[in-house]
Chemist: 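Mind looking over this structure? Questions follow.
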Amino acid sequence: MKNMFLIGTSALLLSACVGSSTKKSIEKLPLEQTSVFASTDKNLENAYNWAKKMALSYVHDGSDPVGYWYEAALPQREAFCMRDVSHQSVGAQILGLAEHNKNMFGKFAKNISESKDWCTYWEINRYDKPAPADYANDKEFWYNLNANFDVIQACWKMYEWTGDKDYLTDSCFVNFYDKSLNEYVKHWRLEPENIMDRPRYMHQPDNFDLNNNFHTCRGLASYVENFRGLTLGVDLLASMYAGYKAHAQMAAICGDSVTARNDLKKADAYQNIIEDKWWDEEHQYYQTFWTEDKTFHRGEGVPVLLWFNAIKDDFRLKASINDILSKEWNVENLSHFPEMLYRFGYDEEAYKYLVTLPSVNRCEYPEVSYGVIEGCIGGLMGINPSSSNNTITTCSHLTDNGVEVEVKNVPVFNGYITVKHIGNKITVFENNTGRDIIWNASFIGNCQSINAGGKVYKTTVKKLNDNHVSSACINLKNGESLTAGV
């Protein structure tokens with residue numbers, strides 16, 4: 001693929017479409033003053049404060065050889081793995097850990113290599129070395145093939161939250177995206193036309209040993225690691241859909257429309273495989289595993305379809321969520337139920353998970369606390385920044401209009417925002433991002449207009465589960481505060 005990020009005209013387009021409004025330097029706040037949450041619902045407040053304290057206990061300030069990092073693996077490992085960093089990164093950004101995210105994603109990007117069959121290090125420790133629990137040498141290590149695509153999507157999210165153009169233009173990141181979506185895909189036979197015919201074991205050493213995990217788990221085609229004979233998981237298809245879609249958005253904002261179109265076609269191809277081949281019409285659910293004997297099996301994996309937004313049919317989405325809600329799950333999945341369920345309009349169910357996660361078994365696993373942070377801010381409060389569009393969306397998912405929630409100093413773009421929801425009818429927004437922005441003020445319900453600052457704004461209305469979301473775009477200058485309501 002052409003290296004579009006280094007083309008002069010694309011750089012000009014990037015400059016033109018990103019940050020065209022005036023930016024101002026804003027002093028970085030200490031972590032204890034970042035994303036300070038309060039609510040009249042003390043169950044919510046207690047859950048958030050538990051999560052913030054727990055999450056920050058895993059943060060390291062840069063004195064280790066690896067630099068700025070936070071734990072994103074089993075705590076005793078003193079390390080961070082690709083999957084967990086990808087899934088914890090939004091929560092980390094909310095807590096003010098943008099520098100940590102960028103450093104850790106940069107470490108993964110830097111270490112992709114042909115000698116590792118276009119994999120990178122699955123897990124890196126505080127000493128800036130591949131974690132010994134997962135790596136012996138370039139031919140013997142543990143690796144889940146989803147990870148490269150998960151990282152690409154996460155890097156796009158980090159750009160949307162921060163506006164940091166290094167995620168789009170830095171040669172280290174660009175090389176990782178390029179190799180992951182081309183050489184890596186071909187080398188591991190992950191093309192749409194080959195992915196369901198690929199062998200279980202690939203690129204193994206001459207002394208291949210079925211009892212050696214570093215041989216049998218070097219190139220797992222799923223995040224599920226204990227299903228015998230698996231050659232493809234639905235979660236890998238979903239991650240590839242999300243990775244190509246994220247890269248298409250990167251290409252589009254950088255002015256490379258050809259790459260953007262091609263990536264979207266590839267993303268659609270993986271989503272079509274999910275919809276056409278993995279949906280079981282008789283039982284009304286998605287299959288999750290494909291094995292070497294060419295048969296489908298049912299197990300873990302459906303929540304990842306929601307994580308990657310990979311389901312396009314509303315009926316199938318509802319059926320999948322109802323299926324998920326009827327089962328018990330491990331904490332790796334549970335950590336993200338609040339954000340995902342709020343995103344799809346299951347507000348009461350999301351709330352239950354949000355306030356109970358601090359007391360579940362293995363709640364000390366780092367992903368849990370970071371998931372609660374994202375669930376509160378990105379889920380319950382509906383805060384969703386988009387640097388590419390210069391917009392910040394808010395939407396209260398409170399189900400009790402007598403409840404108030406407020407979060408002060410959420411790191412967004414070059415500064416901070418403060419948001420307060422009074423029930424689900426009034427929102428107060430303060431813009432200290434360092435730039436003029438468009439506030440996408442959104443409210444649950446079918447409303448024709450939104451009132452803000454003495455003006456009436458016409459809404460656009462979209463369906464969300466069994467309800468609607470009404471939104472209006474409001475220009476808000478840096479330093480301004482405004483109240484909107486329906």
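Counting from 1, the numbers follow the sequence of the chain as shown.
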Chemist: Cation-pi check, Lys116 to Tyr121: give yes when NZ or CZ is under 6.0 Å from the six-membered ring centre and within 45° of the ring axis, no otherwise.
Modeler: yes
Chemist: Scan the side chains in residues 100-107 for donor-acceptor partners under 3.5 Å anywhere in the protein, sequence neighbours excluded, and list what turns up.
Modeler:
unit_1: His100; atom_1: NE2; unit_2: His60; atom_2: O; d: 3.0
unit_1: Asn101; atom_1: OD1; unit_2: Tyr70; atom_2: OH; d: 2.6
unit_1: Asn101; atom_1: ND2; unit_2: Ser89; atom_2: O; d: 3.0
unit_1: Lys102; atom_1: NZ; unit_2: Asp164; atom_2: OD2; d: 2.9
unit_1: Lys102; atom_1: NZ; unit_2: Asp166; atom_2: OD2; d: 2.5
unit_1: Asn103; atom_1: ND2; unit_2: Val66; atom_2: O; d: 3.0
unit_1: Asn103; atom_1: ND2; unit_2: Tyr68; atom_2: O; d: 2.7
unit_1: Lys107; atom_1: NZ; unit_2: Asp128; atom_2: OD1; d: 3.4
unit_1: Lys107; atom_1: NZ; unit_2: Asp128; atom_2: OD2; d: 3.3

Chemist: Within the structure provided, determine whether Leu398 and Leu380 are in side-chain contact (heavy-atom separation under 4.5 Å).
Modeler: yes
Chemist: Check whether any side-chain heavy atom of Lys245 sits under 4.5 Å from a side-chain heavy atom of Tyr270, and report yes or no.
Modeler: no
Chemist: Start with the C-alpha distance between Val331 and Val360, add both sets of side-chain angles, then the distance that settles side-chain contact (heavy atoms from CB on, under 4.5 Å), and finish with yes or no.
Modeler: CA-CA 8 Å; Val331 294; Val360 299; 3.9 Å; yes
Chemist: Does the distance from a Lys or Arg side-chain N to an Asp or Glu carboxylate O, for Glu339 and Arg343, drop under 4.0 Å?
Modeler: yes
Chemist: The test is salt bridge (charged side-chain N to carboxylate O under 4.0 Å, His left out); show your working for Asp314 and Lys318 and say whether it passes.
Modeler: CA-CA 6 Å; Asp314 287 343; Lys318 280 190 175 185; over 6 Å; no
Chemist: Return the orientation label for the His247 and Tyr177 ring planes: parallel under 30°, perpendicular over 60°, tilted otherwise.
Modeler: perpendicular
Chemist: Can you check whether Trp161 reaches Pro411 side chain to side chain, under 4.5 Å on heavy atoms?
Modeler: no
Chemist: Can you tell if the side chain of Val59 reaches within under 4.5 Å of the side chain of Leu97, non-hydrogen atoms only?
Modeler: yes
Chemist: Do the side chains of Glu160 and Lys157 get close enough for a salt bridge, i.e. N-O under 4.0 angstrom?
Modeler: no
Chemist: Would you mind checking if Glu332 and Arg362 are paired as a salt bridge, meaning a charged N to carboxylate O distance below 4.0 Å?
Modeler: yes
Chemist: Report the relative orientation of the aromatic rings in Phe337 and Trp329; use parallel for angles under 30°, tilted for 30 to 60°, perpendicular for over 60°.
Modeler: perpendicular
Chemist: Between Arg435 and Phe413, is NZ or CZ placed under 6.0 angstrom from the six-membered ring centre and within 45° of the ring axis?
Modeler: yes
Chemist: How are the rings of Trp122 and Tyr223 set to each other: parallel, tilted or perpendicular (split at 30° and 60°)?
Modeler: tilted
Chemist: Is any NZ, NE, NH1 or NH2 atom of the basic residue among Glu367 and Arg83 found under 4.0 Å from an Asp or Glu carboxylate oxygen of the other?
Modeler: yes
Chemist: Side-chain contact test, heavy atoms from C-beta onward, threshold under 4.5 Å: evaluate it for Leu190 versus Leu236 and give yes or no.
Modeler: yes
Chemist: Does Arg298 qualify as a cation-pi partner of Tyr285, given the criterion of NZ or CZ under 6.0 Å from the six-membered ring centre and within 45 degrees of its axis?
Modeler: yes
Chemist: Can you tell whether the side chains of Asp117 and Arg218 come within less than 4.0 Å, N to carboxylate O?
Modeler: yes
Chemist: Please step through salt bridge (charged side-chain N to carboxylate O under 4.0 Å, His left out) for the pair Arg316 and Glu275, ending with a clear verdict.
Modeler: CA-CA 9 Å; Arg316 295 179 183 184; Glu275 298 291 11; 2.8 Å; yes
Chemist: Do you know the tightest heavy-atom contact between Ile444 and Cys395?
Modeler: CD1-SG, 3.8 Å
Chemist: Minimum heavy-atom separation for Phe37 to Cys376, with atom names?
Modeler: CE1-CB, 4.5 Å
Chemist: Is the His297-Trp290 ring centre distance short of 6.0 angstrom?
Modeler: no
Chemist: Quick check, are the ring centers of Phe214 and Phe141 under 6.0 angstrom apart?
Modeler: no
Chemist: Looking at every heavy atom in both Val302 and Ser320, which two are closest together, and how far apart are they?
Modeler: CG1-CB, 3.9 Å
Chemist: Looking only at heavy atoms, which two atoms of Phe173 and Ala109 are closest? And how far apart?
Modeler: CD2-CB, 4.1 Å
Chemist: Check whether Thr120 reaches the backbone of Phe108 with its side chain - one donor and one acceptor, N or O, closer than 3.5 Å.
Modeler: yes
Chemist: Under 4.5 Å between any side-chain heavy atoms of Val419 and Ile383, yes or no?
Modeler: yes
